[in-house]
Student: 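This is the structure I have questions about; it appears just below.
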Amino acid sequence: MDKLSEIFSLRGKIIVITGATGLLGKKHAEIVACYGGTPVLLDLSQQKINEFVNDLNDKYQVDAVGFAIDITNERMIKDNAKHLISRFGKIDGLVNNAANNPKVESGNGDNFSRLENFPIESWHDDISVGLTGAFLCAKHYGFLISQNPEGGSIVNISSDLGLIAPDQRLYAKDGVNNDQQDVKPVTYSVVKAGLIGLTRYLATYWPDKNVRCNAICPGGVENGQPEDFLKEVNSRIPMGRMANADEYQGALLWILSSASSYLNGAIIAIDGGRSVW
Ligand SMILES: NC(=O)c1ccc[n+]([C@@H]2O[C@H](COP(=O)([O-])OP(=O)(O)OC[C@H]3O[C@@H](n4cnc5c(N)ncnc54)[C@H](O)[C@@H]3O)[C@@H](O)[C@H]2O)c1
(Lines give C-alpha, C1' and ligand atoms only; values in the text may rest on other atoms or scores of the structure.)
Protein backbone atom coordinates (compact mmCIF):
# COMPACT_ATOMS: atom_id res chain seq x y z
CA MET A 1 0.00 0.00 0.00
CA ASP A 2 1.22 3.50 -0.83
CA LYS A 3 1.87 6.05 1.89
CA LEU A 4 -1.57 7.07 3.16
CA SER A 5 -1.21 10.70 2.15
CA GLU A 6 -0.28 9.60 -1.40
CA ILE A 7 -3.08 7.21 -2.22
CA PHE A 8 -4.84 9.68 -4.52
CA SER A 9 -1.70 10.65 -6.39
CA LEU A 10 -1.56 10.00 -10.14
CA ARG A 11 2.09 10.98 -10.42
CA GLY A 12 3.76 9.18 -13.34
CA LYS A 13 0.48 7.74 -14.61
CA ILE A 14 -0.45 7.94 -18.29
CA ILE A 15 -4.23 8.23 -18.62
CA VAL A 16 -6.03 8.12 -21.99
CA ILE A 17 -9.31 10.05 -22.07
CA THR A 18 -11.73 9.92 -25.02
CA GLY A 19 -14.04 12.81 -25.84
CA ALA A 20 -11.55 14.87 -23.86
CA THR A 21 -12.54 18.32 -25.06
CA GLY A 22 -16.24 17.93 -24.28
CA LEU A 23 -18.02 19.27 -21.21
CA LEU A 24 -17.08 16.41 -18.88
CA GLY A 25 -13.97 15.23 -20.75
CA LYS A 26 -12.25 18.51 -19.87
CA LYS A 27 -13.11 18.00 -16.21
CA HIS A 28 -11.74 14.45 -16.30
CA ALA A 29 -8.49 15.68 -17.86
CA GLU A 30 -8.21 18.49 -15.34
CA ILE A 31 -8.39 16.24 -12.28
CA VAL A 32 -5.81 13.87 -13.80
CA ALA A 33 -3.45 16.79 -14.41
CA CYS A 34 -4.11 18.34 -11.01
CA TYR A 35 -3.06 15.11 -9.26
CA GLY A 36 0.14 14.74 -11.26
CA GLY A 37 -0.93 12.36 -14.03
CA THR A 38 -0.30 12.81 -17.75
CA PRO A 39 -3.62 13.15 -19.57
CA VAL A 40 -3.64 11.84 -23.14
CA LEU A 41 -6.53 13.66 -24.77
CA LEU A 42 -8.40 12.09 -27.67
CA ASP A 43 -11.14 13.94 -29.53
CA LEU A 44 -12.08 14.91 -33.08
CA SER A 45 -10.78 18.49 -33.46
CA GLN A 46 -7.00 18.93 -33.32
CA GLN A 47 -7.42 22.67 -32.84
CA LYS A 48 -9.62 22.29 -29.76
CA ILE A 49 -7.24 19.65 -28.41
CA ASN A 50 -4.20 21.87 -28.87
CA GLU A 51 -5.85 24.80 -27.11
CA PHE A 52 -6.88 22.63 -24.18
CA VAL A 53 -3.49 20.89 -23.94
CA ASN A 54 -1.83 24.30 -23.69
CA ASP A 55 -4.27 25.42 -20.98
CA LEU A 56 -3.67 22.26 -18.94
CA ASN A 57 0.09 22.37 -19.26
CA ASP A 58 0.20 26.04 -18.27
CA LYS A 59 -2.14 25.63 -15.34
CA TYR A 60 -0.85 22.35 -13.88
CA GLN A 61 2.76 22.17 -15.16
CA VAL A 62 2.17 18.74 -16.72
CA ASP A 63 3.00 17.25 -20.12
CA ALA A 64 -0.50 16.56 -21.39
CA VAL A 65 -0.65 15.48 -25.01
CA GLY A 66 -3.56 15.24 -27.40
CA PHE A 67 -4.46 13.63 -30.70
CA ALA A 68 -7.30 13.99 -33.19
CA ILE A 69 -8.56 10.43 -33.16
CA ASP A 70 -11.94 9.17 -34.30
CA ILE A 71 -12.51 6.34 -31.85
CA THR A 72 -14.68 4.50 -34.36
CA ASN A 73 -11.59 4.07 -36.56
CA GLU A 74 -9.59 1.05 -35.39
CA ARG A 75 -6.56 1.87 -37.53
CA MET A 76 -6.21 5.30 -35.89
CA ILE A 77 -6.50 3.82 -32.41
CA LYS A 78 -4.01 1.07 -33.15
CA ASP A 79 -1.45 3.54 -34.51
CA ASN A 80 -1.99 5.89 -31.60
CA ALA A 81 -1.60 3.09 -29.04
CA LYS A 82 1.70 2.15 -30.69
CA HIS A 83 2.82 5.78 -30.61
CA LEU A 84 1.96 6.12 -26.91
CA ILE A 85 3.99 3.05 -26.03
CA SER A 86 7.03 4.32 -27.90
CA ARG A 87 6.62 7.72 -26.25
CA PHE A 88 5.74 6.77 -22.66
CA GLY A 89 6.60 3.08 -22.43
CA LYS A 90 3.26 2.23 -20.76
CA ILE A 91 -0.36 3.19 -20.21
CA ASP A 92 -1.96 3.21 -16.74
CA GLY A 93 -5.55 4.22 -17.33
CA LEU A 94 -8.35 4.65 -19.86
CA VAL A 95 -11.49 6.74 -19.51
CA ASN A 96 -14.09 5.75 -22.10
CA ASN A 97 -16.00 9.03 -22.07
CA ALA A 98 -16.82 9.92 -25.70
CA ALA A 99 -20.40 9.52 -26.85
CA ASN A 100 -22.92 11.11 -29.11
CA ASN A 101 -25.38 12.92 -26.95
CA PRO A 102 -28.44 12.68 -29.15
CA LYS A 103 -30.72 15.64 -28.62
CA VAL A 104 -34.37 15.15 -27.82
CA GLU A 105 -35.51 17.98 -30.09
CA SER A 106 -35.85 16.95 -33.68
CA GLY A 107 -35.22 20.49 -34.93
CA ASN A 108 -37.13 20.16 -38.18
CA GLY A 109 -40.39 18.76 -36.92
CA ASP A 110 -39.82 15.27 -38.33
CA ASN A 111 -40.04 13.53 -34.93
CA PHE A 112 -36.80 11.72 -35.72
CA SER A 113 -36.20 10.88 -32.06
CA ARG A 114 -39.28 8.64 -31.84
CA LEU A 115 -38.61 4.91 -32.06
CA GLU A 116 -40.93 4.52 -35.04
CA ASN A 117 -38.95 7.11 -37.02
CA PHE A 118 -35.45 6.73 -35.63
CA PRO A 119 -33.10 6.49 -38.63
CA ILE A 120 -30.92 3.40 -38.89
CA GLU A 121 -27.99 5.72 -39.71
CA SER A 122 -28.38 7.47 -36.33
CA TRP A 123 -28.61 4.09 -34.60
CA HIS A 124 -25.37 2.93 -36.21
CA ASP A 125 -23.60 6.22 -35.53
CA ASP A 126 -24.58 6.40 -31.84
CA ILE A 127 -23.67 2.76 -31.21
CA SER A 128 -20.46 3.19 -33.15
CA VAL A 129 -19.16 6.09 -31.02
CA GLY A 130 -20.56 5.11 -27.62
CA LEU A 131 -20.12 1.35 -27.68
CA THR A 132 -17.87 0.25 -30.54
CA GLY A 133 -15.48 3.11 -29.71
CA ALA A 134 -15.29 1.97 -26.08
CA PHE A 135 -14.72 -1.63 -27.21
CA LEU A 136 -11.92 -0.57 -29.60
CA CYS A 137 -10.23 1.54 -26.93
CA ALA A 138 -10.46 -1.34 -24.45
CA LYS A 139 -9.07 -3.67 -27.11
CA HIS A 140 -5.98 -1.57 -27.83
CA TYR A 141 -5.32 0.73 -24.85
CA GLY A 142 -6.81 -1.77 -22.38
CA PHE A 143 -4.54 -4.48 -23.73
CA LEU A 144 -1.54 -2.22 -23.17
CA ILE A 145 -2.71 -1.61 -19.60
CA SER A 146 -2.75 -5.39 -19.15
CA GLN A 147 0.90 -5.39 -20.29
CA ASN A 148 1.82 -2.80 -17.65
CA PRO A 149 3.46 -4.75 -14.79
CA GLU A 150 1.41 -2.66 -12.33
CA GLY A 151 -1.87 -3.11 -14.22
CA GLY A 152 -4.20 -0.12 -14.24
CA SER A 153 -7.73 1.20 -14.27
CA ILE A 154 -10.39 1.43 -16.99
CA VAL A 155 -13.36 3.71 -16.33
CA ASN A 156 -16.45 3.62 -18.51
CA ILE A 157 -18.68 6.69 -18.39
CA SER A 158 -22.22 5.33 -18.50
CA SER A 159 -25.19 7.37 -17.24
CA ASP A 160 -28.08 7.27 -14.80
CA LEU A 161 -29.95 6.32 -17.98
CA GLY A 162 -27.83 3.16 -18.11
CA LEU A 163 -29.63 2.17 -14.89
CA ILE A 164 -33.14 3.55 -15.35
CA ALA A 165 -35.35 4.32 -18.33
CA PRO A 166 -35.64 7.91 -19.50
CA ASP A 167 -38.79 9.52 -18.15
CA GLN A 168 -40.16 10.69 -21.49
CA ARG A 169 -42.72 12.88 -19.72
CA LEU A 170 -39.83 15.26 -18.99
CA TYR A 171 -39.58 16.17 -22.66
CA ALA A 172 -43.31 16.46 -23.38
CA LYS A 173 -44.58 19.70 -24.90
CA ASP A 174 -48.06 21.11 -24.28
CA GLY A 175 -50.49 20.79 -27.13
CA VAL A 176 -48.64 17.94 -28.86
CA ASN A 177 -50.23 14.50 -29.22
CA ASN A 178 -48.57 11.70 -27.26
CA ASP A 179 -47.54 9.88 -30.41
CA GLN A 180 -45.89 13.04 -31.75
CA GLN A 181 -43.86 14.02 -28.68
CA ASP A 182 -40.08 14.12 -29.02
CA VAL A 183 -38.30 11.57 -26.82
CA LYS A 184 -34.84 10.67 -25.56
CA PRO A 185 -33.55 8.45 -28.38
CA VAL A 186 -33.37 4.70 -27.81
CA THR A 187 -29.64 4.61 -28.56
CA TYR A 188 -28.80 6.50 -25.38
CA SER A 189 -30.30 3.78 -23.18
CA VAL A 190 -28.75 1.01 -25.26
CA VAL A 191 -25.25 2.52 -25.32
CA LYS A 192 -25.24 3.32 -21.61
CA ALA A 193 -26.57 -0.11 -20.58
CA GLY A 194 -24.10 -1.69 -22.99
CA LEU A 195 -21.22 0.05 -21.25
CA ILE A 196 -22.29 -1.57 -17.99
CA GLY A 197 -22.02 -4.97 -19.68
CA LEU A 198 -18.62 -4.02 -21.08
CA THR A 199 -17.54 -2.98 -17.58
CA ARG A 200 -18.42 -6.35 -16.06
CA TYR A 201 -16.75 -8.16 -18.93
CA LEU A 202 -13.52 -6.19 -18.63
CA ALA A 203 -13.50 -6.42 -14.83
CA THR A 204 -13.09 -10.16 -15.13
CA TYR A 205 -11.06 -10.37 -18.32
CA TRP A 206 -7.49 -9.66 -17.13
CA PRO A 207 -7.87 -10.79 -13.50
CA ASP A 208 -4.24 -11.84 -13.15
CA LYS A 209 -2.94 -8.54 -14.58
CA ASN A 210 -4.42 -6.16 -12.00
CA VAL A 211 -6.58 -4.43 -14.62
CA ARG A 212 -9.59 -3.03 -12.83
CA CYS A 213 -12.67 -1.81 -14.68
CA ASN A 214 -15.51 0.21 -13.20
CA ALA A 215 -18.32 2.41 -14.47
CA ILE A 216 -19.57 5.80 -13.36
CA CYS A 217 -23.24 6.54 -14.04
CA PRO A 218 -23.50 10.33 -13.90
CA GLY A 219 -26.79 12.13 -13.59
CA GLY A 220 -27.55 15.04 -15.89
CA VAL A 221 -25.41 18.16 -15.67
CA GLU A 222 -27.11 21.53 -15.41
CA ASN A 223 -26.03 23.34 -18.51
CA GLY A 224 -28.45 26.08 -19.50
CA GLN A 225 -31.60 23.97 -19.75
CA PRO A 226 -34.93 25.87 -19.75
CA GLU A 227 -36.45 26.68 -16.34
CA ASP A 228 -39.55 24.53 -16.81
CA PHE A 229 -37.42 21.49 -17.71
CA LEU A 230 -35.20 22.06 -14.66
CA LYS A 231 -38.24 22.26 -12.38
CA GLU A 232 -39.53 18.93 -13.69
CA VAL A 233 -36.22 17.09 -13.64
CA ASN A 234 -35.23 18.44 -10.22
CA SER A 235 -38.47 17.09 -8.75
CA ARG A 236 -37.32 13.59 -9.77
CA ILE A 237 -33.93 13.90 -8.03
CA PRO A 238 -33.84 13.39 -4.24
CA MET A 239 -31.17 16.09 -3.91
CA GLY A 240 -33.48 18.43 -5.84
CA ARG A 241 -30.96 19.60 -8.44
CA MET A 242 -28.92 18.51 -11.44
CA ALA A 243 -25.14 18.09 -11.16
CA ASN A 244 -22.40 20.64 -11.63
CA ALA A 245 -19.89 19.52 -14.26
CA ASP A 246 -17.11 19.25 -11.65
CA GLU A 247 -19.00 16.87 -9.36
CA TYR A 248 -17.63 13.71 -11.02
CA GLN A 249 -13.96 14.61 -10.64
CA GLY A 250 -13.51 13.22 -7.11
CA ALA A 251 -14.95 9.85 -8.07
CA LEU A 252 -12.84 9.64 -11.20
CA LEU A 253 -9.69 10.42 -9.25
CA TRP A 254 -10.57 7.74 -6.71
CA ILE A 255 -11.19 5.12 -9.40
CA LEU A 256 -8.00 5.92 -11.32
CA SER A 257 -5.75 6.05 -8.25
CA SER A 258 -4.55 3.41 -5.84
CA ALA A 259 -7.11 4.70 -3.32
CA SER A 260 -9.54 2.32 -5.05
CA SER A 261 -7.12 -0.60 -5.43
CA TYR A 262 -9.79 -3.19 -4.53
CA LEU A 263 -12.62 -1.62 -6.57
CA ASN A 264 -13.45 -3.75 -9.61
CA GLY A 265 -16.66 -4.28 -11.60
CA ALA A 266 -18.49 -1.57 -9.65
CA ILE A 267 -21.31 0.35 -11.29
CA ILE A 268 -21.36 3.63 -9.42
CA ALA A 269 -24.39 5.89 -9.68
CA ILE A 270 -23.53 9.53 -9.01
CA ASP A 271 -26.88 11.07 -9.66
CA GLY A 272 -28.08 12.92 -6.58
CA GLY A 273 -30.17 9.83 -5.83
CA ARG A 274 -32.19 9.95 -9.08
CA SER A 275 -31.96 6.20 -9.72
CA VAL A 276 -33.02 5.39 -6.14
CA TRP A 277 -36.54 6.76 -6.69
N1 LIG B 1 -23.46 15.93 -19.63
C2 LIG B 1 -24.33 15.15 -19.00
O3 LIG B 1 -25.35 15.63 -18.47
C4 LIG B 1 -24.09 13.67 -18.91
C5 LIG B 1 -24.87 12.89 -18.04
C6 LIG B 1 -24.63 11.52 -17.97
C7 LIG B 1 -23.65 10.94 -18.74
N8 LIG B 1 -22.92 11.74 -19.58
C9 LIG B 1 -21.90 11.07 -20.38
O10 LIG B 1 -20.65 11.67 -20.13
C11 LIG B 1 -19.86 11.63 -21.31
C12 LIG B 1 -19.40 13.05 -21.66
O13 LIG B 1 -20.54 13.86 -21.82
P14 LIG B 1 -20.42 15.41 -22.21
O15 LIG B 1 -21.62 16.08 -21.65
O16 LIG B 1 -19.08 15.91 -21.87
O17 LIG B 1 -20.60 15.34 -23.80
P18 LIG B 1 -19.97 16.28 -24.91
O19 LIG B 1 -20.85 16.11 -26.10
O20 LIG B 1 -19.70 17.63 -24.37
O21 LIG B 1 -18.57 15.58 -25.20
C22 LIG B 1 -18.44 14.42 -25.95
C23 LIG B 1 -17.11 14.51 -26.70
O24 LIG B 1 -16.92 13.31 -27.46
C25 LIG B 1 -16.33 13.67 -28.69
N26 LIG B 1 -16.56 12.65 -29.71
C27 LIG B 1 -17.72 12.39 -30.37
N28 LIG B 1 -17.53 11.44 -31.28
C29 LIG B 1 -16.22 11.09 -31.20
C30 LIG B 1 -15.42 10.16 -31.91
N31 LIG B 1 -15.92 9.40 -32.90
N32 LIG B 1 -14.10 10.05 -31.59
C33 LIG B 1 -13.57 10.82 -30.61
N34 LIG B 1 -14.29 11.72 -29.90
C35 LIG B 1 -15.60 11.85 -30.20
C36 LIG B 1 -17.00 14.99 -29.06
O37 LIG B 1 -16.24 15.71 -30.03
C38 LIG B 1 -17.09 15.69 -27.71
O39 LIG B 1 -15.97 16.52 -27.45
C40 LIG B 1 -20.74 11.01 -22.39
O41 LIG B 1 -20.49 9.64 -22.46
C42 LIG B 1 -22.12 11.26 -21.87
O43 LIG B 1 -23.08 10.37 -22.38
C44 LIG B 1 -23.10 13.07 -19.68
Side-chain angles (χ1 to χ4, degrees), residues 16-31 39-53 66-80 94-104 122 124-137 140-141 154-164 166 170-171 184-196 198-199 215-225 229-230 233-234 236-237 241-249 251-252 255 267-272 274-275:
V16 177
I17 301 168
T18 70
T21 61
L23 177 69
L24 293 183
K26 280 186 162 177
K27 299 292 176 186
H28 303 331
E30 195 177 23
I31 194 75
V40 176
L41 314 177
L42 308 184
D43 208 307
L44 294 173
S45 154
Q46 189 69 57
Q47 192 195 333
K48 279 194 195 165
I49 291 170
N50 291 347
E51 285 167 10
F52 185 48
V53 162
F67 305 90
I69 300 281
D70 177 348
I71 57 159
T72 67
N73 181 326
E74 183 164 21
R75 169 55 54 194
M76 290 180 99
I77 293 177
K78 213 172 161 180
D79 289 349
N80 182 256
L94 166 67
V95 184
N96 275 321
N97 168 75
N100 286 346
N101 287 310
K103 293 284 170 276
V104 169
S122 301
H124 284 314
D125 188 46
D126 292 347
I127 301 285
S128 184
V129 177
L131 264 187
T132 313
F135 151 67
L136 289 174
C137 288
H140 294 285
Y141 303 114
I154 300 175
V155 188
N156 291 326
I157 306 298
S158 176
S159 168
D160 56 356
L161 297 186
L163 300 168
I164 58 173
L170 277 173
Y171 313 106
K184 188 81 175 173
V186 60
T187 42
Y188 200 72
S189 291
V190 172
V191 164
K192 295 307 176 184
L195 284 174
I196 291 175
L198 182 67
T199 301
I216 293 177
C217 299
V221 173
E222 186 171 345
N223 190 24
Q225 292 91 343
F229 175 83
L230 284 177
V233 80
N234 290 346
R236 288 158 170 84
I237 303 170
R241 64 174 179 86
M242 297 185 82
N244 301 316
D246 60 7
E247 289 187 296
Y248 304 114
Q249 290 177 303
L252 184 72
I255 302 174
I267 311 301
I268 302 170
I270 308 177
D271 60 359
R274 167 102 195 255
S275 57

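Below, all heavy atoms of this structure are taken into account, side chains as well, without hydrogens, waters or symmetry copies. Bear in mind the structure is a predicted one, so any value in this text is a computation, not a measurement. Each ligand, and each atom within it, is numbered from 1 in the order the structure gives. Residue numbers run from 1 in the order of the sequence given.
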Student: Using side chain to side chain contact (heavy atoms under 4.5 Å, CB included) as the criterion, point out the one residue from I164, N156, I267 that pairs with C217.
Tutor: I267
Student: Give the single entry among I270, D43, L44, L24 that approaches atom 37 (O) of ligand 1 most closely by any heavy atom.
Tutor: D43
Student: Return the residue, atom name and 0.1 Å-rounded distance of the protein heavy atom closest to atom 5 (C) of ligand 1.
Tutor: G219 O, 3.4 Å
Student: For A215 versus T199, what's the shortest heavy-atom pair and its separation?
Tutor: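 Shortest heavy-atom contact: CB-OG1, 3.5 Å.
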Student: Extract all donor-acceptor atom pairs below 3.5 Å that involve side chains of residues 186-193 and protein atoms in other chains or at least two apart in sequence.
Tutor:
{"from": "T187", "atom 1": "OG1", "to": "D126", "atom 2": "OD2", "distance (Å)": "2.7"}
{"from": "K192", "atom 1": "NZ", "to": "I157", "atom 2": "O", "distance (Å)": "3.1"}

Student: Testing V221, V95, D246 one by one against L24 for a side chain to side chain contact (heavy atoms under 4.5 Å, CB included), which residue passes?
Tutor: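 When V221, V95, D246 are each tested with L24, the side chain to side chain contact (heavy atoms under 4.5 Å, CB included) holds only for V221.
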Student: Has S45 got any heavy atom lying under 4.0 angstrom from an atom of ligand 1?
Tutor: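 S45: no contact with ligand 1 (<4.0 Å).
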Student: Assess M242 for proximity to ligand 1: is some non-hydrogen atom of it under 4.0 Å away?
Tutor: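 It does not; every heavy atom stays at 4.0 Å or beyond.
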Student: Looking at non-hydrogen atoms alone, which of N96, N97, L136, I157 comes nearest to atom 40 (C) of ligand 1?
Tutor: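 The option holding the nearest heavy atom is N97.
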Student: Taking 4.0 angstrom as the limit and counting only heavy atoms of D70, give me the atoms of ligand 1 inside it, by number and element.
Tutor: 30 (C), 31 (N), 32 (N)
Student: For G19, counting its heavy atoms only, list the atoms of ligand 1 lying under 4.0 Å from any of them.
Tutor: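 Listed by number with element: 23 (C), 24 (O), 25 (C).
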Student: In this structure, does ligand 1 have an atom that sits under 4.0 Å from one of the heavy atoms of G220?
Tutor: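 G220 counts as a contact of ligand 1 under the 4.0 Å cut-off.
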Student: What do the steps show when you test F135 against N96 for side-chain contact (heavy atoms from CB on, under 4.5 Å), and what is the final call?
Tutor: CA-CA 9 Å; F135 151 67; N96 275 321; over 6 Å; no
Student: Heavy-atom contacts under 4.0 Å between K48 and ligand 1: side chain, backbone, both, or neither?
Tutor: neither
Student: Between T72 (side chain only) and G133 (backbone N and O only), is there a donor and an acceptor less than 3.5 Å apart?
Tutor: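 Checking the backbone N and O of G133 against the side chain of T72, no donor-acceptor pair under 3.5 Å is found.
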Student: Are any non-hydrogen side-chain atoms of K26 and F52 less than 4.5 angstrom apart?
Tutor: yes
Student: Which ligand 1 atoms does A99 reach within 4.0 Å, using its non-hydrogen atoms?
Tutor: 22 (C), 40 (C), 41 (O), 43 (O)
Student: Compare N101, L23, I216 and give the one whose heavy atom is closest to atom 17 (O) of ligand 1.
Tutor: N101
Student: Holding to side chain to side chain contact (heavy atoms under 4.5 Å, CB included), I want the full list of residues that pass it with D160, two or more places apart in sequence or in another chain.
Tutor: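 Per chain and number, D160 pairs via side chain to side chain contact (heavy atoms under 4.5 Å, CB included) with D271, R274.
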Student: May I ask whether I69 places a heavy atom under 4.0 Å from ligand 1?
Tutor: yes
Student: Closer than 4.0 Å to some heavy atom of A98 - which atoms of ligand 1 meet that?
Tutor: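 The list of qualifying atoms is 24 (O), 34 (N), 35 (C).
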Student: Keeping N80 on the side-chain end and M76 on the backbone end, is there a donor-acceptor pair under 3.5 Å?
Tutor: no
Student: Answer whether the closest heavy-atom distance between the side chains of H28 and V155 falls below 4.5 Å.
Tutor: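 No - every pair of side-chain heavy atoms lies 4.5 Å or more apart.
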Student: Please determine if S158 has a nitrogen or oxygen closer than 3.5 Å to a nitrogen or oxygen of ligand 1.
Tutor: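 By distance alone, the answer is no.
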Student: What about V221: any of its N or O atoms under 3.5 Å from an N or O on ligand 1?
Tutor: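 Yes: some nitrogen or oxygen of V221 is under 3.5 Å from one in ligand 1.
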Student: Taking the non-hydrogen atoms of T18, is any one of them nearer than 4.0 angstrom to ligand 1?
Tutor: no
Student: So, is T72 polar-close to ligand 1, with some N/O to N/O distance under 3.5 Å?
Tutor: no
Student: Is the count of non-hydrogen atoms from other residues, nucleotides or ligands lying under 6.0 Å from K48 atom NZ greater than 12?
Tutor: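 Incorrect, the count does not exceed 12.
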